[in-house]
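Okay, structure first, notes after.
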Number of protein chains: 2
Amino acid sequence: MSEDGMQMQEFSPRQGVVLECALRLLVDGGEKALTTAGVARAANCSKESLYKWFGDRDGLLASMISFQQSKVRTFERDGERLTAENFRDHLEIFAHDLIEVLAGDVSLALNRLAIGQASRDGSKLGGLLVERGRRQIERRARALLEAGRRAGFLRFDDADEAYHTLYGLIVSDLHVRLLLGEKPEIDATRRGRKAVSAFLRLHGRNLGEGDASL
Amino acid sequence: MSEDGMQMQEFSPRQGVVLECALRLLVDGGEKALTTAGVARAANCSKESLYKWFGDRDGLLASMISFQQSKVRTFERDGERLTAENFRDHLEIFAHDLIEVLAGDVSLALNRLAIGQASRDGSKLGGLLVERGRRQIERRARALLEAGRRAGFLRFDDADEAYHTLYGLIVSDLHVRLLLGEKPEIDATRRGRKAVSAFLRLHGRNLGEGDASL
DNA sequence: CGATCAAAGTACCGTACGGTACGGTTCCTA
DNA sequence: TAGGAACCGTACCGTACGGTACTTTGATCG
C-alpha cells in the first residue's frame with residue numbers, strides 16, 4: 001500500500017507533541033515502557049490516532065528517530081577562516097559536541113532501542129540512526145579534517161582512517177559503557193582536549209608548540 | 001565430552017547444554033526469540049526445570065552471561081621476556097584478540113541483551129558484562145602496558161589514559177556499529193597493526209625505527 | 001442549525017509470554 | 001521389587017500487549 005520511501009515528512013505540531021511524549025516515556029522507562037496504550041495515555045491521544053499517523057509500532061519507533069534527529073540537526077559553523085589558533089579550537093569543539101551528543105539521554109535511549117531491535121531482520125532502526133545521525137557528525141568531522149589538511153595543519157593519507165582515529169581517541173569505550181548503563185562523570189571539555197592533543201601529535205603540522213604539550 | 005576439572009563449577013553439564021541452546025537461540029533470533037518455552041523446546045527440557053535451575057527469566061539471562069564468560073576465560077601469555085621485537089607483537093596480538101572478541105556473535109548478542117535491559121532498574125546484566133568480561137581484557141592490557149613501560153618501550157603518565165587511548169585506536173566506533181547491526185568486513189590483523197602503530201607513535205620509546213613508518 | 005470530519009476515550013479481540021501444576025518416564029538405590 | 005528423586009512433556013492460568021472497532025466529543029463550515 002503506502003510506499004515508505006526516503007521522504008522525510010514533517011510532522012504536524014500535534015504529532016510532534018505525541019512523539020515528544022513517546023521519547024520521554026522511552027528515556028524514562030526503556031523500550032518496555034513504550035507501549036501504544038502508554039503513549040496514548042501520556043499524550044492524551046487515542047490509540048487509533050497513533051495507528052493512523054504512524055502505521056504500527058515500528059512506524060512509531062522510526063518516526064521517533066526521525067523526529068528527534070530532525071530537531072538535533074548539526075549546525076556547521078565553517079564560515080570563518082582557519083588559522084593555526086582556531087583550528088585546534090574547532091577540533092576541540094567538535095570533540096566536545098560529539099561527547100555531549102553521545103551521552104545525551106535521548107540519544108542513549110534511541111541507540112538502546114535500535115540495538116535491541118538489531119537482531120530482527122527488517123529492523124532498519126539501526127540503519128536510520130547511522131544514516132541520519134552518525135553520518136551527519138561524520139560529514140562535519142570530515143569537512144573539518146579536509147579543511148585542516150588544505151590549510152596545512154594536518155597530514156594524513158586516508159581521510160577515512162584519520163576520522164576513525166579522531167573518533168576513537170575522543171570516544172574510546174565511553175559510548176558502550178554508557179549504553180550498558182554505567183553513569184560515569186564526564187568532563188567533555190577536558191576529555192575532548194586530550195583527544196585532540198593526541199590526534200594532533202599523530203597528524204598535526206605547523207601548529208606551533210601546542211601539539212607537543214602533554 | 002572432555003572433563004576439564006576446573007570447568008563449570010556453577011552449572012551441571014546438563015545445565016551447560018541448556019545454556020548453550022539458550023545462547024544459540026539468542027544469537028540467532030535476539031532477545032525476542034529467547035522465550036522460556038523456546039529454550040525448553042530447543043534444549044529438550046521442561047520449563048519446570050528451567051525455573052528450578054535458574055529461578056526466573058532474569059536468572060536465566062544472568063546465568064547465560066556467567067556461563068559464556070566462564071568459557072571464554074582470557075588466557076594470558078606473559079611468560080616470555082619482553083624484547084623490542086616481540087613487544088609490538090604482543091600489542092598487535094592483543095588488538096587482534098580484542099577485535100575478534102568484540103565482533104564475536106555471542107558477545108554481540110549478549111551485549112545487545114544487556115544494553116536492552118540497561119534502562120530497567122535492577123538489571124545488573126550490564127554490570128555483569130562489564131565486570132566479568134571487560135575487566136578481564138582491561139587487566140590483560142594494563143599488565144602489558146605496565147610491562148612495556150618497565151622495559152622502557154613505553155612512556156606514559158596515566159596508565160588509565162594510555163589504556164583508553166589504545167582501546168579507542170583499536171576499536172573506534174566499530175563496536176557500536178556492530179551492535180547496531182552493520183556487518184562490515186573486518187581485517188582484525190590489519191586494523192590492529194595500524195592501531196598499534198599509532199599508539200606507539202604516541203607512547204612508544206626505544207623501539208627502533210618501526211614506530212615512525214606509516 | 002445541522003452536516004461533517006478529526007480525534008479522544010473505551011471496550012474488545014487474539015495472541016504470546018512468564019510462570020505453575022500435574023501426569024508419565026527414567027534411573028538410582030535399598 | 002518397591003520407593004523415590006529428577007525430569008520431560010504438556011496442559012493450564014493470568015496478564016499484558018498490539019491492533020481494531022465503536023461511541024462520543026468538539027470544532028469547522030455551508
Side-chain angles (χ1 to χ4, degrees), chain A residues 1-2 4 9-26 28-65 67 109 112-113 116-117 119-125, chain B residues 8 10-26 28-65 109 112-113 116-117 119-125:
Chain A
M1 295 210 182
S2 62
D4 55 348
Q9 54 169 9
E10 205 45 54
F11 300 106
S12 78
R14 177 74 181 123
Q15 291 168 13
V17 173
V18 171
L19 290 174
E20 205 84 57
C21 289
L23 283 172
R24 186 78 211 164
L25 274 177
L26 179 68
D28 290 344
E31 188 194 348
K32 239 189 36 171
L34 195 73
T35 68
T36 54
V39 173
R41 195 180 329 115
N44 284 329
C45 76
S46 68
K47 285 172 66 176
E48 200 170 21
S49 299
L50 290 182
Y51 286 100
K52 181 178 178 182
W53 293 333
F54 309 112
D56 57 0
R57 188 171 183 270
D58 287 348
L60 175 63
L61 303 185
S63 297
M64 290 166 62
I65 292 181
F67 176 71
R112 289 201 186 103
L113 179 66
Q117 305 265 332
S119 49
R120 295 189 49 184
D121 36 16
S123 68
K124 303 203 313 178
L125 290 191
Chain B
M8 53 180 78
E10 308 191 40
F11 304 109
S12 74
R14 176 71 181 128
Q15 290 168 13
V17 173
V18 171
L19 290 174
E20 205 85 57
C21 289
L23 283 172
R24 190 74 215 162
L25 273 179
L26 180 68
D28 290 343
E31 189 193 347
K32 241 190 29 174
L34 196 71
T35 68
T36 54
V39 172
R41 196 180 327 116
N44 284 328
C45 76
S46 68
K47 285 171 68 175
E48 200 170 21
S49 300
L50 289 183
Y51 286 99
K52 181 179 179 181
W53 294 332
F54 308 113
D56 58 359
R57 188 171 183 271
D58 286 348
L60 174 64
L61 302 186
S63 298
M64 288 166 63
I65 291 181
R112 291 201 185 103
L113 180 66
Q117 305 266 330
S119 49
R120 294 191 51 183
D121 35 18
S123 68
K124 301 207 316 174
L125 291 190

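Letters go in sequence order (proteins before strands), and every chain restarts at 1.
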I need the NZ-P distance between B:Lys47 and C:dA21, as an integer number of Å.
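It is 13 Å, rounded to the nearest whole Å.
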
Chain B on DNA chain D: first and last contacting nucleotide, 5' to 3', under 4.0 Å to a heavy atom?
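Contact span on the strand: D:dC7 to D:dG9.
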
Could you note down all residue pairs passing salt bridge (charged side-chain N to carboxylate O under 4.0 Å, His left out) where residues 30-49 of chain A supplies at least one of them, sequence neighbours left out?
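Non-adjacent pairs meeting salt bridge (charged side-chain N to carboxylate O under 4.0 Å, His left out): A:Glu31-A:Arg57.
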
Distance from [X] atom [atom1] to [Y] atom [atom2], nearest 0.5 Å?
X        : Y        : atom1 : atom2 : value
B:Arg120 : B:Leu125 : CZ    : CG    : 8.5 Å
A:Phe11  : A:Glu20  : CZ    : CD    : 12.0 Å
A:Gln15  : A:Phe67  : CD    : CZ    : 10.0 Å

Going by heavy atoms in the side chains, are [X] and [Y] under 4.5 Å from each other?
X       : Y       : result
B:Leu61 : B:Leu26 : no
B:Trp53 : B:Val18 : yes
A:Cys45 : A:Leu50 : yes
B:Leu60 : B:Tyr51 : no

Side-chain N,O (A:Ser49) to OP1/OP2 (C:dA7) below 4.0 Å
no

Heavy atoms under 4.0 Å, any strand shown: does B:Lys52 hit a base, just sugar-phosphate, or nothing?
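Sugar-phosphate contact only - B:Lys52 comes under 4.0 Å of backbone atoms but never of a base.
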
Reading 5' to 3' through nucleotides 23-29 of chain C, protein heavy-atom contacts under 4.0 Å coded B for base, S for sugar-phosphate only, - for none:
-------

Want to settle it: does A:Val18 or B:Ser46 sit nearer the 5' end of DNA chain C, counting the closest nucleotide to each?
A:Val18

